[in-house]
Amino acid sequence: MKVKSAVKLGAVALASTFVLAACGSKTSSAKKSTVNFMESSEIPTMDTSKVTDVVGMTQLSNSEEGIYRLGKNSSVHNALATSTKESKDGKTWTFTLRKNAKWSNGDKVTAQDFVYSWQRTVNPKTASEYAYLFSGIKNADKISAGKANYKTLGIKADGKYKLTVTLDRPIPYFKLLMGFCIFFPQDQKVVEKYGSKYGTASNKLVYDGPYKQVGWTGTNLKWKLVKNPQYWNKKNVKMDTINYQVVKDSSTALNLYNSKKLDVTTITGSQVAQYKNNKNYVLRKEASTFYLQLNQKKDKFFKNKKIRQAVSMSIDRNQLTSKVLADGSQNPLGYVSTDLAKNPKTGQDFAKEAEVKSAVTQNLTEAKKLLKEGLKEEGMSSLKFTLMADDTAAGKTTNEFLQSQIEKLGSNVKVTVQNIPFKTRLTDSSNGKFDAVVTGWGADFSDPISFLQLFVTGNAQNNGDWSNKEYDKLIKASNTTDATNPTKRWSDMVKAEKILMNDQAIVPIYQQATSQLWSSKVKGVIYNTAGNNFNYSKLYVK
């Protein structure tokens with residue numbers, strides 16, 4: 001999922017699942033209760049088929065529900081499913097759905113809601129940036145290529161409460177996908193009622209999860225999650241109201257926390273040094289990598305590998321993580337984050353095994369040499385481009401730091417910084433309206449492919465338009481011929497990551513961590529390092 005160039009509430013996927021428990025009595029948990037959270041960016045959309053970012057997905061993961069919920073260490077738990085049957089060849093999955101699930105408008109949640117939702121997402125007219133995740137489900141690739149109708153997707157409702165999914169090939173991480181919000185159901189009646197406005201405000205969609213969202217108009221900076229009275233498991237939802245407000249300035253957020261107007265705040269830089277010994281301080285390493293995408297389609301000079309390498313080698317990542325961000329973020333080993341997945345044979349961390357040190361290490365002397373050679377090859381005498389990032393505090397400081405680093409390449413290098421709202425940055429990135437952009441990706445599930453498939457030729461997330469035939473071949477093999485061979489599949493992905501880094505297709509800059517202060521009334525935080533579900537359904541306060 002796309003993440004903000006600022007630390008945020010919760011963690012990005014492999015996101016954190018927060019199960020917040022109080023040490024009070026049963027009586028205290030039954031009282032009307034409210035907790036106040038912050039976000040550092042606006043919600044771009046609440047449309048299940050169109051969401052791409054951590055803010056929207058956090059909201060959807062708590063107001064909507066699918067076949068499964070993901071728990072600690074990627075554990076899979078029944079949500080709308082009551083039972084699952086998998087065929088011996090792994091290509092047919094049959095889910096029996098609970099009969100007491102309802103949407104917030106009183107409509108029953110049925111198997112047809114899944115069929116409609118999935119078909120809507122893969123329909124090319126929807127232009128979902130996440131349609132690629134359906135690859136492997138029968139006919140999904142043909143639909144994507146325009147060779148089959150979206151209604152031929154391998155999903156079928158057998159009555160109201162039985163759902164059958166047919167795959168073209170076994171998908172090793174299929175169960176994890178079933179807990180991801182892109183695969184949640186949608187109420188066709190409601191989608192068609194609101195048309196293009198569906199998911200653009202709280203009152204323009206319905207909810208089948210623990211909470212309903214209220215108060216979001218599409219542009220405002222405050223909203224709520226309130227307990228959903230139609231939720232099938234409402235008796236076990238402890239928290240009545242979760243208040244959200246967008247706070248982009250970390251000093252303002254800390255002041256709100258200290259004045260008890262926020263129960264959780266993200267802290268950065270000098271704030272971390274001041275509060276790291278506080279009993280309420282929490283540090284979480286996240287499975288999200290921030291990196292530069294260089295627009296090879298718009299700016300032909302970024303097609304030159306030496307210029308891309310020069311940009312990367314100009315950056316002192318140690319200084320960025322320890323002095324500028326100073327929030328627990330760490331130097332990346334590559335694109336795929338550390339502690340995401342381990343070699344099925346040796347147990348070695350993927351990021352370590354696939355590491356290409358030259359792609360993430362500063363070497364200013366070599367960078368200047370490469371830039372000179374690259375510019376000569378392009379018939380250029382200078383390098384000028386605009387670096388785009390979010391308008392958050394971390395986005396601004398990161399952008400300014402990168403500008404100063406890259407301009408050390410020489411007096412003939414000029415970098416202009418541009419900071420814009422998160423929602424606008426996502427739109428401009430998707431539309432190719434940038435030279436270089438600071439962006440981030442957090443794994444949607446605990447497998448390296450969640451990162452790596454983004455840079456297959458033509459992927460909707462591949463905004464820099466990089467392309468490599470061998471890379472494409474390896475990713476395809478990992479998803480097809482080698483899908484059921486863990487060792488070969490692992491090897492495919494390691495080789496692909498090394499191609500990505502050796503070619504400097506992107507410029508990794510840091511692996512994100514979140515430093516936070518939690519109110520003492522909020523207890524028992526469980527940090528999930530494998531899964532993308534932000535589960536507030538068990539949240540309550542003392």
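Note that this is a predicted model, so its numbers are computed, not measured.
- Legend: salt bridge (Lys or Arg N to Asp or Glu O under 4.0 Å) pairs involving residues 177-189, not counting sequence neighbours, sorted by first then second residue: Asp107-Lys189.
- Side-chain atoms of Asp208 come within 3.5 Å of backbone atoms of Glu65 as a donor-acceptor pair (strictly under, hydrogens ignored).
- To the nearest 0.5 Å, atom CD1 of residue Ile267 and atom CG of residue Asp327 are 9.5 Å apart.
- Look at Asp168 and Lys142 and you find no salt bridge, because none of the NZ, NE, NH1 or NH2 atoms lies under 4.0 Å from a carboxylate O.
- Side-chain N/O atoms of Trp223 and Gln59 include a donor and acceptor closer than 3.5 Å.
- Inter-residue side-chain proximity for Phe37 and Ile242 is flagged as met; some heavy-atom pair is nearer than 4.5 Å.
- Once rounded to the nearest 0.5 Å, the distance linking CD of Gln516 with OG1 of Thr266 reads 4.5 Å.
- In Lys138, the NZ atom is not crowded: 12 or fewer heavy atoms of neighbouring residues, nucleotides or ligands sit closer than 6.0 Å.
- One finds the CE atom of Met178 at 11.0 Å from the CZ atom of Phe180 (value rounded to the nearest 0.5 Å).
- Under the 3.5 Å distance criterion, the side-chain polar atoms of Asp89 are matched with a main-chain donor or acceptor of Lys91.
- The closest side-chain donor-acceptor pair between Asp472 and Thr457 falls under 3.5 angstrom.
- Between Ser450 and Tyr173, the side chains place no donor N or O within less than 3.5 Å of an acceptor N or O (distance only, hydrogens not considered).
- The six-membered or imidazole ring of Tyr130 lies near that of Tyr132, with a centre-to-centre distance under 6.0 Å.
- Listed here is the closest heavy atom pair of Leu176 and Ser446: CD1-OG, 3.6 Å.
- Ion pairing of Arg425 with Asp53 is absent here, as no side-chain N (NZ or NE/NH1/NH2) approaches a carboxylate O to less than 4.0 Å.
- Side-chain polar atoms of Trp490 and Glu353 form a donor-acceptor pair below 3.5 angstrom.
- Listed for the Trp466 side chain is no donor-acceptor partner under 3.5 Å among the backbone atoms of Asn463.
- Between Ile67 and Leu80, every side-chain heavy-atom pair lies at or beyond the 4.5 Å cut-off.
- When every heavy atom of Trp232 is checked against every heavy atom of Ala101, the shortest pair comes out as CB-CA, 4.2 Å.
- Exactly one of Thr126, Asp47, Thr48 qualifies for a side chain to side chain donor-acceptor pair (under 3.5 Å) with Arg120. That residue is Asp47.
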Practice prompt. Given side chain to side chain donor-acceptor pair (under 3.5 Å), test Asp158 with Thr164 step by step and report yes or no.
Written response: CA-CA 7 Å; Asp158 296 313; Thr164 301; 2.6 Å; yes
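- Annotation: the span from Leu474 atom CG to Ser491 atom OG amounts to 8.0 Å, rounded to 0.5 Å.
- To the nearest 0.5 Å, atoms OG (Ser63) and CG (Leu205) are separated by 7.0 Å.
- Side-chain polar atoms of Ser429 and Gln293 form no donor-acceptor pair below 3.5 angstrom.
- In this structure the side chain of Asp349 reaches within 4.5 angstrom of the side chain of Asp339, judged on heavy atoms.
- At distances below 3.5 Å, not a single donor-acceptor pair connects side-chain atoms of Arg169 with backbone N or O atoms of Thr484.
- Between Phe183 and Trp118, the angle of the ring planes goes over 60°, which puts this pair in the perpendicular group of the 30/60° scheme.
- Put simply, the side chain of Leu452 reaches to within 4.5 Å of the side chain of Glu497, judged on heavy atoms.
- The stretch residues 190-199 participates, sequence neighbours left out, in these side-chain hydrogen bond (donor to acceptor under 3.5 Å, both in side chains) pairs: Gln188-Glu192.
- Between Lys476 and Asp141 no salt bridge is recorded (no basic side-chain N to carboxylate O distance below 4.0 Å).
- Atom NZ of Lys85 is surrounded by 12 or fewer heavy atoms from other residues, nucleotides or ligands within 6.0 Å.
- The distance from the CG atom of Leu517 to the CG atom of Asp263 is 12.0 Å, given to the nearest 0.5 Å.
- Checked by atom type and distance alone, the side chain of Gln186 never pairs as donor or acceptor with a backbone atom of Tyr116 at under 3.5 Å.
- Remark: side-chain polar atoms of Thr241 are not paired, donor with acceptor, to backbone N or O of Thr34 under 3.5 angstrom.
- Contact annotation: the side chain of Val109 never approaches that of Leu97 to less than 4.5 Å [non-hydrogen atoms, C-beta and beyond].
- With a 4.5 Å cut-off on side-chain heavy atoms, Phe134 and Ile143 do not count as touching.
- Between the side chain of Ser202 and the main chain of Trp216, a donor-acceptor pair closer than 3.5 Å is present.
- Side-chain N/O atoms of Ser128 and Thr121 include no donor and acceptor closer than 3.5 Å.
- Looking at Gln230 and Ser104, their side chains never bring a donor and an acceptor atom within 3.5 Å of each other.
- Ring to ring, Tyr231 and Tyr207 are not that close: their centroids are 6.0 angstrom or more apart.
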